[in-house]
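Below: one structure, written as structure tokens.
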Amino acid sequence: MTVSVAVIVVAAGSGSRLGYSLPKALVGLVQRPILSRSLDPIFALEREVQLVVVVPRQHSALAEQIVRDTAGRASTSCTVVVGGSSRQESVAAGLAALTPGIEVVLVHDAARALTPVAQFEAIIDAVETTGLAAIPGLPVSDTIKRTDGFGKAVATVDRSELSAVQTPQGFPRAQLEAAYSGASGDFTDDAALVAAAGHDVTIIHGDPLAFKITTPWDLRRAEQLLAATVPVALPRTGLGVDAHAFVAVDAAAAAAGGAKVLWLAGLPWPDETALEGHSDGDAVAHAICDALLSAGGLGDIGSVFGTSDPRFDGAHGDVFLTETVRLVTEAGFRIGNVSVQLIAARPRFSPRRAEAEAVLSGILGAPVSVSATTTDGLGFTGRAEGVMAIATALVYPR
Ligand code: CTP
Ligand code: MG
């Protein structure tokens, strides 16, 4: 099937009124550049079109990359060309890139980044059915005054005669090309050029969402509108549980001063019985690692660190925690907080709770709260055969 409709998106302006050092189309609008957002409705069109994007010369490589990234696997044919110093020159550059089968051309401002796809469809429909130029417009609600140019109102304009026009503006290709080749003077929109060449232009009802991002205030408005529609990336929770047995106390080793030291919640506990484990057996630190790894969808401590890895032989909790933080960060998350509970008959934890929280929070770079409980003599923790810890973690996509 031959493609008969083209959409030229002009994105080559500098955006002087927006006031960024980057050209306006490359400025971010909720996680993506304005240019990328402005292409969404075109890739959402049901029919195949030729897309021509007119980009600023100075940042053409970056702009082209944005177009390619936004296109993804869409089958739309994309051409990227460099624009000129006026909007009219930029449109002319876009026109030169049209392929032979094109009969209807839409010209659209990238700066109208939130234009709904229905507005593109309505314009294509109108041009195809009438054979005339069609542009979207909205009634003007403010009272408009004509001034003397020096701040004095000289007349009230009848606003029922006015329409605030938007884009995309659609034209039979031949009309638009002829108007451009014979253009004299600078026009602020394409319809003015076509009308000056003697053709009728039909106005169809526009959409307030197609407003042009011109000033910082417009950008803020666009951000607020998007925030209401774009699904916010939700935080993710994670859960981790670990248990370790106390080592059988070897009286001879203890007497010789060679007994293993208990490490728990990132702290050494010199006068307490140590825990078994390939590492130091710090169940609190390990439960935190599991909670963070599960929140990040990264598996668990066993699959990530491997009990046979000699690097972790006798390693303390900080080694596992630091590596876990690195993995979670690398996977695109920021740690919100961690909450962990130690379930143990001993050691008596409360005197060192604040110390443990400070050490663990320091390692994670996020608040860690540690609580402790006993099980009233029940189970392996009650019989002081070992300890257990349960942790939850909250991480945010960045
Ligand atoms: N445009 C263009 N080439 C130009 C000037 C403008 O392609 N030389 C495009 C802009 O990128 C924008 C659309 O025309 O998508 C409407 O123009 P406007 O909102 O005026 O954008 P800028 O000219 O970039 O902004 P300013 O006038 O504030 O500098
Ligand atoms: Mg401009």
Side-chain angles (χ1 to χ4, degrees), residues 7-46 49 51 53-56 59 62-63 65-67 69-72 74 76 87 106-126 134-142 144 159 162-170 188-189 191 203-235 332 396-398:
V7 183
I8 299 173
V9 175
V10 282
S14 64
S16 54
R17 286 169 288 178
L18 192 61
Y20 283 62
S21 51
L22 266 181
K24 179 159 72 180
L26 307 184
V27 168
L29 169 52
V30 189
Q31 294 160 11
R32 281 160 55 197
I34 287 177
L35 172 59
S36 173
R37 294 214 172 268
S38 74
L39 300 178
D40 284 352
I42 300 157
F43 291 121
L45 282 168
E46 242 167 63
V49 297
L51 170 63
V53 186
V54 188
V55 301
H59 295 272
L62 174 57
Q65 190 54 48
I66 292 168
V67 176
D69 289 349
T70 313
T76 313
R87 185 183 182 282
L106 269 59
V107 182
H108 182 56
D109 293 333
R112 299 182 189 272
L114 303 188
T115 307
V117 63
Q119 184 145 314
F120 286 82
E121 280 160 353
I123 294 291
I124 295 172
D125 245 32
I135 65 174
L138 286 175
V140 173
S141 52
D142 291 321
I144 307 285
R159 72 174 173 222
L162 299 179
S163 179
V165 304
Q166 307 175 324
T167 70
Q169 301 191 343
T188 57
D189 78 345
I203 300 180
I204 67 166
H205 202 73
D207 189 310
L209 280 174
F211 71 95
K212 186 156 69 73
I213 298 170
T214 305
T215 62
W217 189 88
D218 296 323
L219 184 61
R220 271 203 306 282
R221 179 152 64 116
E223 279 165 354
Q224 281 163 3
L225 285 162
L226 268 178
T229 58
V230 168
V232 274
L234 290 173
Y396 291 92
R398 278 186 301 181

Heavy-atom closest pair, residues L106 and G170: CD1-CA, 4.0 Å

W217 and its side-chain contact (heavy atoms from CB on, under 4.5 Å) partner, picked from T215, I213, T214: T215

Whether R37 side chain and V30 backbone form a donor-acceptor pair below 3.5 Å: yes

Backbone N/O of T167 and side chain of K212: donor-acceptor pair under 3.5 Å: no

From CG (L51) to OG1 (T70), nearest 0.5 Å: 10.0 Å

Pair R32 + D69: basic N to acidic O under 4.0 Å: no

Reported CG-to-OG distance for the pair D40 and S36, which is rounded to 0.5 angstrom: 5.5 Å

Spacing of CD1 belonging to I34 relative to CZ belonging to R112, to within rounding of 0.5 Å: 12.5 Å

Side-chain donor/acceptor of D109 to backbone N/O of A111, under 3.5 Å: no

Non-hydrogen atoms of D218 and F211 that approach each other most closely: O-CE1, 3.6 Å

A191 versus I135, closest heavy-atom pair with distance: CB-CG2, 3.8 Å

H108 side, atom NE2; L39 side, atom CG - distance, nearest 0.5 Å: 8.5 Å

Trace of the side-chain contact (heavy atoms from CB on, under 4.5 Å) decision for T115 with D207: CA-CA 7 Å; T115 307; D207 189 310; over 6 Å; no

I66 vs H59, side-chain contact (heavy atoms from CB on, under 4.5 Å): CA-CA, chis, key distance, verdict: CA-CA 11 Å; I66 292 168; H59 295 272; over 6 Å; no

Qualifying residues under side chain to side chain contact (heavy atoms under 4.5 Å, CB included), relative to V117, sequence neighbours excluded: P41, A44, L45, E121

Where A122 and I204 come nearest, the two heavy atoms and their spacing: CB-CD1, 3.6 Å

Residues in side chain to side chain contact (heavy atoms under 4.5 Å, CB included) contact with R159, at least two apart in sequence or another chain: T143, L162

Close side-chain approach of V9 and S38, heavy atoms under 4.5 Å: yes

Side chain to side chain, V53 and L35, heavy atoms closer than 4.5 Å: yes

Least distance between heavy atoms, A25 atom then P33 atom: O-CB, 3.8 Å

Q166 side-chain N/O to L138 backbone N/O, donor-acceptor pair under 3.5 Å: no

Atom pair CG/CG of L219 and L29 - distance to nearest 0.5 Å: 6.0 Å

Residues which pass side chain to side chain contact (heavy atoms under 4.5 Å, CB included) with P139, listed by chain and number, not counting sequence neighbours: H205

Heavy-atom side-chain proximity of I203 to P136 below 4.5 angstrom: no

Expected output: side-chain Q169 to main-chain D189 donor-acceptor under 3.5 Å: no

